[in-house]
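First up is the structure itself, then whatever we jot down about it.
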2 protein chains.
Amino acid sequence: MSHIIAPVMALKPSISSDIIRGHIDAIVLALLSKEDMYGYQICKTIYQKSQQLYELKEATLYSSLRRLEAQDLITSYWGDEVQGSRRKYYRITPQGREAYEKCKADWEFAKKVIDMLI
Amino acid sequence: MSHIIAPVMALKPSISSDIIRGHIDAIVLALLSKEDMYGYQICKTIYQKSQQLYELKEATLYSSLRRLEAQDLITSYWGDEVQGSRRKYYRITPQGREAYEKCKADWEFAKKVIDMLI
DNA sequence: CATAATACTGTGTCTGTCAAGGTATATTCA
DNA sequence: TGAATATACCTTGACAGACACAGTATTATG
């Protein structure tokens, strides 16, 4: 993870760990607010929904899920797969929905302020 | 520094360390691209320009300045104050200007992607 | 003359991201 | 058949940025 500002050579914009930081939980809550999902599925869905522009790393997702569950913003349960790998599903809680609304408001706010300054 | 999602009670949006992270250098470069400035002035200017919505902490600013100088994106020189506290001025370099353009592009890119996902 | 504002700096802590590694099952295809 | 790939989960440890806290020195204010 390099925090050094990329050299000018690299013209293609990118999403650094530092820029995405603080948005992972909101992104996960956003998906779970639509339907229950399992971890691997969350990663793949984010990749698709971002039009292949952003790939959430598995380690990052699982640490986010652990954090959200500890805060009671999501709960989890094992799926009943008869074949294939077992799947652990996550469901958003009512508090999770409220936190998600707060995250969205914070994002709109941050966008406004950063746009003022950049 | 709490990374816990704020309780719903706190309705007022806020800019967390994690959301601002990765934008500090860009904000500093933005100011210096207009004119040379000294540290304390940078802090105060950001506070004003953000309409009192964001206050850059001094420790954060100085670590950013050290980082930017180490990357040759800015240079510094002592002002010639005959009275008052000494002031250390910072000036953006040509590489700094290019890096700033990259930062802006990255920000526009990140905004787009996060909006897709949140 | 105490307090606040200006102006700079250093040290140490905290936290989220993620690289790297691991396990196990299912599918593909040469 | 068996090697490779995709699916699906998990852990550990390192790293770097933000910033709380502490400290120094000067000037203005009431």
Side-chain angles (χ1 to χ4, degrees), chain A residues 1-6 14-28 36-48 54-71 76-90 103 110 114, chain B residues 1-6 14-28 36-48 54-71 76-90 103 110 114:
Chain A
M1 183 169 68
S2 167
H3 296 268
I4 303 298
I5 290 176
S14 58
I15 296 198
S16 69
S17 316
D18 287 331
I19 285 187
I20 204 65
R21 189 187 254 244
H23 297 296
I24 305 284
D25 291 0
I27 290 169
V28 172
D36 292 8
M37 297 180 85
Y38 56 94
Y40 194 78
Q41 183 187 16
I42 293 173
C43 282
K44 297 299 154 192
T45 306
I46 286 174
Y47 188 61
Q48 285 165 23
Y54 175 64
E55 188 178 355
L56 177 63
K57 308 310 175 303
E58 279 188 60
T60 307
L61 172 68
Y62 287 112
S63 85
S64 169
L65 289 172
R66 252 176 279 133
R67 200 160 51 229
L68 291 170
E69 194 161 18
Q71 293 176 252
S76 64
Y77 57 94
W78 287 102
D80 57 351
E81 287 70 40
V82 280
Q83 61 168 12
S85 293
R86 67 203 176 136
R87 293 169 170 175
K88 196 176 193 176
Y89 285 86
Y90 295 90
C103 285
I114 294 170
Chain B
M1 184 168 65
S2 168
H3 295 270
I4 303 297
I5 291 175
S14 58
I15 296 196
S16 69
S17 317
D18 287 330
I19 285 187
I20 204 64
R21 190 186 249 240
H23 298 296
I24 305 284
D25 291 0
I27 290 169
V28 172
D36 292 8
M37 296 180 85
Y38 57 94
Y40 194 78
Q41 182 187 17
I42 293 173
C43 282
K44 296 300 154 190
T45 305
I46 287 174
Y47 189 60
Q48 284 163 25
Y54 176 63
E55 187 179 355
L56 177 63
K57 308 308 176 306
E58 279 187 58
T60 306
L61 172 67
Y62 288 110
S63 83
S64 169
L65 289 171
R66 253 176 277 136
R67 198 162 51 230
L68 291 169
E69 194 162 19
Q71 292 176 252
S76 63
Y77 57 93
W78 286 103
D80 56 351
E81 286 71 41
V82 281
Q83 59 168 16
S85 294
R86 63 199 183 142
R87 292 169 170 174
K88 196 175 192 177
Y89 284 86
Y90 296 89
C103 285
I114 294 170

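Below, each value reflects all heavy atoms present in this structure, side chains not excepted, and no hydrogens, waters or symmetry copies. Lettering of chains follows the sequences in order, A, B, ..., and the numbering in each one begins at 1.
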Does [X] have a side-chain nitrogen or oxygen under 4.0 Å from the phosphate oxygens OP1 or OP2 of [N]?
X	N	answer
Y40(B)	dT6(C)	yes
K88(B)	dT9(C)	yes
R66(B)	dG17(D)	no
Y38(A)	dC9(D)	no
Y62(A)	dT11(D)	no
R21(B)	dA18(D)	no

Notebook entry, point to check: Within the structure shown, what part of the strands sits under 4.0 Å from T60(A) by heavy-atom distance: base, sugar-phosphate, or nothing?
Noted result: base
Could you give the [atom1]-to-[atom2] distance, from [X] to [N], as a whole number of Å?
X	N	atom1	atom2	value
E69(A)	dC9(D)	CD	P	13 Å
W78(A)	dA8(D)	CH2	C1'	9 Å
I114(A)	dA18(D)	CD1	P	11 Å
L56(A)	dG16(C)	CG	C1'	12 Å
L65(B)	dT9(C)	CG	C1'	12 Å
I20(B)	dC19(D)	CD1	C1'	13 Å
E81(B)	dT6(C)	CD	P	15 Å
M37(B)	dA7(C)	CE	C1'	14 Å

Check: Quick check: does any side chain N or O of T45(B) sit under 3.5 Å from a backbone N or O of Q41(B), one acting as donor and the other as acceptor?
Finding: yes
Notebook entry, point to check: With distance as the sole test, does E81(A) use its side chain to make a donor-acceptor pair with the main-chain N or O of R87(A) at under 3.5 Å?
Noted result: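 At least one qualifying donor-acceptor pair exists.
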Note to self: Quick one, E69(A) and Y90(A) - any side-chain contact, counting heavy atoms below 4.5 Å?
What the structure shows: yes
Note to self: Return the CG to CZ distance between D80(A) and R86(A), rounded to the nearest 0.5 Å.
What the structure shows: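 One gets 14.5 Å once the value is rounded to the nearest 0.5 Å.
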Notebook entry, point to check: What's the verdict on side-chain contact (heavy atoms from CB on, under 4.5 Å) for L56(B) and I27(B), showing C-alpha distance, side-chain angles and the deciding distance?
Noted result: CA-CA 10 Å; L56(B) 177 63; I27(B) 290 169; 5.8 Å; no
Next item on the list: Begin with the C-alpha distance, continue with both residues' side-chain angles, and end with the deciding distance and a verdict on side-chain contact (heavy atoms from CB on, under 4.5 Å) for I114(B) and I20(A).
Entry: CA-CA 8 Å; I114(B) 294 170; I20(A) 204 65; 4.2 Å; yes
Check: Parallel under 30°, tilted from 30 to 60°, perpendicular over 60°: which one fits the rings of Y38(B) and Y89(B)?
Finding: perpendicular
Write out a two-atom table: protein N or O, nucleotide N or O from nucleotides 22-30 of chain D, distance below 3.5 Å.
unit_1  : atom_1 : unit_2 : atom_2 : d
dT27(D) : OP1    : G84(B) : N      : 3.0

